[in-house]
Amino acid sequence: MTLDEQQAREKAQHLYDTYTSRGDVLNYFSTLYQQAQGDASAIPWADQQVNTHFKDWAEHQQLQGNNRRALVVGCGLGDDAEYLASLGFQVTAFDIAPEAIEWSKRRFPETRVHYEAANLFALPQAWQQTFDFILEIYTIQTLPHELRSRAMECISLCLAPGGDLLVICRGTESEERDGKIPSPLSRQSLSVFQACGLQEVTFDDFYDQEEPPRRRFRIHYHLSNTLSNS
């Protein structure tokens with residue numbers, strides 16, 4: 001991690017602490033994008049490229065959209081959503097920060113992705129049991145611990161019977177409530193998805209190539225055609 005990256009993370013953490021102390025964490029994201037003023041380096045998770053752990057999985061799975069419906073949770077600046085669209089999915093991508101949505105539209109003026117500002121905890125009713133593929137990368141782990149189970153439930157509600165969910169996050173044996181972001185997720189905490197009726201297909205536990213290496217989880221879930229997560 002460079003000095004500039006470290007400074008950006010420290011600034012983002014200070015802002016996060018300010019908003020969580022007010023009990024207003026959801027407005028943190030919009031403020032962070034506002035303060036960035038178009039500088040992606042001020043957004044700690046904005047790599048401006050497809051997540052490599054997702055792309056590797058998609059290539060290994062030979063993932064093809066075939067005009068199926070996909071949802072990207074907490075889409076940020078849109079790179080993963082655009083990649084899904086290139087695979088042939090009809091993609092809806094949302095973020096709680098309107099600034100992130102407008103930024104994505106500016107980056108990809110010819111996009112086929114439907115970008116929308118939306119709150120994970122108050123998603124449109126029409127999205128329930130609608131999407132054949134859902135992608136969640138690093139969003140849940142940015143939320144306070146008390147909101148994470150509800151976040152997983154809201155994501156599960158959007159998955160259509162027969163659909164698939166891919167979750168990528170930092171991993172840990174047991175979650176530490178230290179108030180830092182991003183805070184890793186334990187496998188036990190992720191069991192909420194299974195409680196919602198999803199079946200775990202694969203669970204990858206690995207370390208990335210960063211310095212220092214960080215533990216990652218990549219979990220593929222499937223919702224049976226015979227089950228409902230309502």
Side-chain angles (χ1 to χ4, degrees), residues 1 4-5 7-13 15-16 19 25-58 70-87 89-124 127 131 133-144 147-148 151-152 154-155 158 165-170 180-185 208 210 214 216-218:
M1 183 184 299
D4 287 345
E5 289 172 335
Q7 290 174 336
R9 288 186 182 275
E10 289 174 356
K11 185 176 180 180
Q13 179 67 55
L15 186 66
Y16 183 83
Y19 274 82
V25 68
L26 297 183
N27 282 321
Y28 155 75
F29 300 98
S30 184
T31 302
L32 182 66
Y33 281 100
Q34 287 175 12
Q35 292 186 356
Q37 297 183 329
D39 179 7
S41 67
I43 311 296
W45 50 81
D47 296 328
Q48 298 192 92
Q49 62 181 10
V50 181
N51 180 276
T52 56
H53 309 310
F54 167 47
K55 188 175 183 181
D56 289 348
W57 181 88
L71 180 69
V72 179
V73 179
C75 64
L77 299 187
D79 297 278
D80 299 324
E82 296 295 326
Y83 179 66
L84 270 175
S86 76
L87 296 179
F89 284 93
Q90 296 181 46
V91 181
T92 297
F94 76 92
D95 200 284
I96 196 169
E99 296 78 10
I101 296 301
E102 293 306 313
W103 195 336
S104 296
K105 291 177 179 178
R106 290 194 299 271
R107 290 188 68 210
F108 305 104
E110 305 299 322
T111 186
R112 293 185 288 113
V113 175
H114 172 67
Y115 287 104
E116 184 169 338
N119 182 337
L120 174 59
F121 302 107
L123 295 176
W127 289 10
F131 296 97
F133 184 83
I134 298 178
L135 181 65
E136 198 302 275
I137 303 178
Y138 305 154
T139 301
I140 298 168
Q141 66 182 35
T142 64
L143 297 171
L147 293 180
R148 293 180 177 188
M152 291 181 231
C154 292
I155 292 168
C158 294
L165 164 68
L166 186 69
V167 175
I168 298 175
C169 62
R170 288 192 185 182
K180 301 297 183 183
I181 57 166
S183 177
L185 294 165
D208 61 25
E210 295 186 20
R214 293 186 174 91
R216 306 285 181 179
F217 291 159
R218 180 175 54 203

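Worth saying up front: this structure is predicted, and the values here are computed from it rather than measured.
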remark   = dist Phe94:CZ -> Leu71:CG (nearest 0.5 Å) comes out at 5.5 Å
inquiry  = Under a 3.5 Å distance rule, please check whether Gln141 uses its side chain to pair with a backbone N or O of Arg170 as donor and acceptor.
reply    = yes
ask   = Mind checking whether Cys169 and Ile140 have side chains closer than 4.5 Å, heavy atoms only?
value = no
query = Do Glu99 and Glu102 have side-chain heavy atoms sitting under 4.5 Å apart?
reply = no
query = If you round to the nearest 0.5 Å, how far is CG of Leu77 from CZ of Arg106?
reply = 9.5 Å
query = Can you name the closest pair of heavy atoms from Tyr16 and Leu143 and give their distance?
reply = OH-C, 3.9 Å
request  = Supply the atom-to-atom distance Leu120 CG to Asp95 CG, rounded to the nearest 0.5 angstrom.
outcome  = 10.5 Å
note = Heavy atoms of Phe54 and Ile168 approach each other most closely as N-CD1, 3.6 Å
task = Would you check if the side chain of Arg112 reaches a backbone N or O of Ala85 as a donor-acceptor pair within less than 3.5 Å?
result = yes
key: Nearest heavy atoms of Arg9 and Pro44, plus distance in Å   = NH2-O, 3.8 Å
ask   = What is the minimum heavy-atom distance between Glu116 and Pro124, and which atoms define it?
value = OE2-CG, 4.1 Å
note = Taken to the nearest 0.5 Å, the spacing of Tyr28 OH from Thr142 OG1 works out to 8.0 Å
ask   = For the residue pair Ala93 and Ile101, what are the closest heavy atoms and their distance?
value = O-CD1, 4.1 Å
ask   = Atom CG in Leu135, atom CG in Leu166: separation rounded to 0.5 Å?
value = 6.0 Å
request  = Sequence neighbours left out, what passes ring-ring contact (aromatic ring centres under 6.0 Å, His included) with Phe108? Give chain and number order.
outcome  = none
Spacing of CH2 belonging to Trp45 relative to OG1 belonging to Thr139, to within rounding of 0.5 Å = 9.0 Å
query = How close do Tyr33 and Ala97 get, heavy atom to heavy atom, and via which atoms?
reply = CD1-CB, 3.6 Å
task = State whether the side chain of Asp80 and the backbone N or O of Asn51 hold a donor-acceptor pair below 3.5 Å, judged by distance alone.
result = yes
query = So do Glu82 and Arg107 actually touch side chain to side chain, heavy atoms under 4.5 Å?
reply = no
key: Val72 and Val91, any side-chain heavy atoms less than 4.5 Å apart   = yes
key: Test item: Asp47 side-chain N/O and Gln49 main-chain N/O as donor-acceptor pair under 3.5 Å   = no
